[in-house]
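Take a look at the structure below.
Residue indices begin at 1 and follow the sequence shown.
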Amino acid sequence: MKSFLCKGKHPIIRWSRLPDNTFFEGPRPEGYSLAVVPSGDYIVIDVDKHGDIDGFKSIPSKIFIGMQKTLSYPTPNNGMHYWFEYTGDKVLANKGSGKGVDLRVRHKGYVIWYPETDIRDCLHKINKSSKELNEWLEKSFSYVTK
């Protein structure tokens, strides 16, 4: 995992070249946001609401109930970021579903970290993904067998 500053949602550095376990320290400067790149088996389900798109409606209710029990936080457009430790055995793609749900996976993407706390202080709040969540993720996002 790593974190870095963005101007809005745009990185101010070449974040893909940052080594793992490199974290921005200190208060965020005014006008900047903090981004976090998941690593290892950590994933982020980014649910968006904008215009006619409501990603919450594309998540099966049984899956959504389980998502409420992990580290999550709201985004400015009434969306949510849900963090999980993926327990499946497929390689998930870092991409959008076209239905208001994006997936961010190891070293391939980042999310804006809106909480004021450090991500490292929140790792204990990240739950392992359930079998049902894994099946939905694997069906919803392109993957290849490990």
Side-chain angles (χ1 to χ4, degrees), residues 1-6 8-25 28 32-146:
M1 205 168 293
K2 52 189 156 186
S3 66
F4 55 90
L5 288 177
C6 291
K9 292 185 177 184
H10 304 285
I12 63 170
I13 60 167
R14 295 195 72 171
W15 64 269
S16 60
R17 292 187 178 177
L18 281 176
D20 266 349
N21 296 314
T22 300
F23 294 91
F24 176 80
E25 300 281 348
R28 296 172 208 171
Y32 290 83
S33 55
L34 187 66
V36 177
V37 177
S39 65
D41 293 325
Y42 291 113
I43 62 169
V44 182
I45 301 170
D46 178 3
V47 183
D48 295 320
K49 281 180 82 172
H50 45 77
D52 293 338
I53 297 175
D54 183 346
F56 294 100
K57 291 181 180 177
S58 68
I59 302 170
S61 60
K62 185 176 182 181
I63 301 294
F64 187 68
I65 291 168
M67 289 172 60
Q68 304 307 301
K69 299 174 184 171
T70 193
L71 173 65
S72 63
Y73 52 88
T75 63
N77 293 328
N78 298 314
M80 292 288 286
H81 287 166
Y82 298 93
W83 286 74
F84 285 95
E85 186 176 345
Y86 176 63
T87 61
D89 61 357
K90 307 293 184 203
V91 177
L92 300 172
N94 185 80
K95 66 178 234 169
S97 67
K99 299 177 182 176
V101 179
D102 301 330
L103 185 65
R104 299 294 169 244
V105 299
R106 121 180 24 158
H107 307 302
K108 304 274 188 206
Y110 62 88
V111 294
I112 300 300
W113 177 256
Y114 294 103
E116 292 298 320
T117 57
D118 190 300
I119 178 64
R120 294 169 288 181
D121 296 333
C122 298
L123 296 178
H124 68 282
K125 298 178 182 179
I126 300 174
N127 289 343
K128 294 182 183 296
S129 60
S130 67
K131 180 182 176 194
E132 294 81 12
L133 178 59
N134 291 346
E135 290 171 356
W136 179 75
L137 289 168
E138 292 161 2
K139 181 180 175 188
S140 299
F141 298 90
S142 298
Y143 65 91
V144 293
T145 306
K146 278 188 183 177

Is the closest basic N to carboxylate O distance between Glu135 and Lys62 below 4.0 Å?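 Salt bridge flag = no for Lys62 with Glu135.
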
Are the charged groups of Glu138 and Lys90 less than 4.0 angstrom apart, N to O? no

Are any of the side-chain heavy atoms of Pro74 and Tyr114 separated by less than 4.5 Å? no

Are the side chains of Leu18 and Lys2 in touch, meaning some heavy atoms are under 4.5 Å apart?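 Side-chain contact under 4.5 Å: yes.
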
I need the [X] [atom1] to [Y] [atom2] distance, nearest 0.5 Å.
{"X": "Leu103", "Y": "Ile43", "atom1": "CG", "atom2": "CD1", "answer": "5.0 Å"}
{"X": "Trp83", "Y": "Ile126", "atom1": "CH2", "atom2": "CD1", "answer": "6.0 Å"}
{"X": "His81", "Y": "Leu71", "atom1": "NE2", "atom2": "CG", "answer": "11.0 Å"}
{"X": "Thr22", "Y": "Met1", "atom1": "OG1", "atom2": "CE", "answer": "13.0 Å"}
{"X": "Ser130", "Y": "Phe84", "atom1": "OG", "atom2": "CZ", "answer": "7.0 Å"}
{"X": "Ile63", "Y": "Ser58", "atom1": "CD1", "atom2": "OG", "answer": "11.5 Å"}

Is there a side chain to side chain contact (heavy atoms under 4.5 Å, CB included) between Val47 and Asp102? Walk through the geometry before answering. CA-CA 6 Å; Val47 183; Asp102 301 330; over 6 Å; no

When you look at Arg120 and Phe23, which way does the side chain to side chain contact (heavy atoms under 4.5 Å, CB included) test go after all the steps? CA-CA 9 Å; Arg120 294 169 288 181; Phe23 294 91; 3.5 Å; yes

How far apart are the closest heavy atoms of [X] and [Y], and which atoms are they?
{"X": "Val36", "Y": "Ser3", "result": "CG2-CB, 4.1 Å"}
{"X": "Gly55", "Y": "Val101", "result": "O-CG2, 3.6 Å"}
{"X": "Pro38", "Y": "Arg104", "result": "CG-O, 3.8 Å"}
{"X": "Cys6", "Y": "Ile12", "result": "C-CG2, 4.2 Å"}
{"X": "Cys122", "Y": "Trp113", "result": "SG-CZ2, 4.0 Å"}
{"X": "Val37", "Y": "His107", "result": "CG1-CA, 3.8 Å"}

Please name all residues satisfying ring-ring contact (aromatic ring centres under 6.0 Å, His included) with Phe56, sequence neighbours left out, ordered by chain then number. Phe64

How would you list, by chain and number, every residue that makes a ring-ring contact (aromatic ring centres under 6.0 Å, His included) with Tyr110, sequence neighbours excluded?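 Applying ring-ring contact (aromatic ring centres under 6.0 Å, His included) to Tyr110 gives Phe4, Trp15.
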
Evaluate side chain to side chain contact (heavy atoms under 4.5 Å, CB included) for Tyr82 paired with Tyr73, printing each intermediate quantity in order. CA-CA 7 Å; Tyr82 298 93; Tyr73 52 88; over 6 Å; no

Any luck finding a side-chain donor-acceptor pair between Ser39 and Asp20 under 3.5 Å? no

Is a side-chain donor-acceptor pair under 3.5 Å present for Asp41 with Thr87? no

Residues in salt bridge (charged side-chain N to carboxylate O under 4.0 Å, His left out) contact with Arg28, at least two apart in sequence or another chain: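 None.
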
Sidechain-backbone polar pair: [X] side chain, [Y] backbone, donor-acceptor under 3.5 Å:
{"X": "Asn94", "Y": "Val105", "result": "yes"}
{"X": "Ser129", "Y": "Asn134", "result": "no"}
{"X": "Asp48", "Y": "Ile53", "result": "no"}

Side chain to side chain contact (heavy atoms under 4.5 Å, CB included) for Tyr42 and Arg106? Distances and angles first, verdict last. CA-CA 7 Å; Tyr42 291 113; Arg106 121 180 24 158; over 6 Å; no

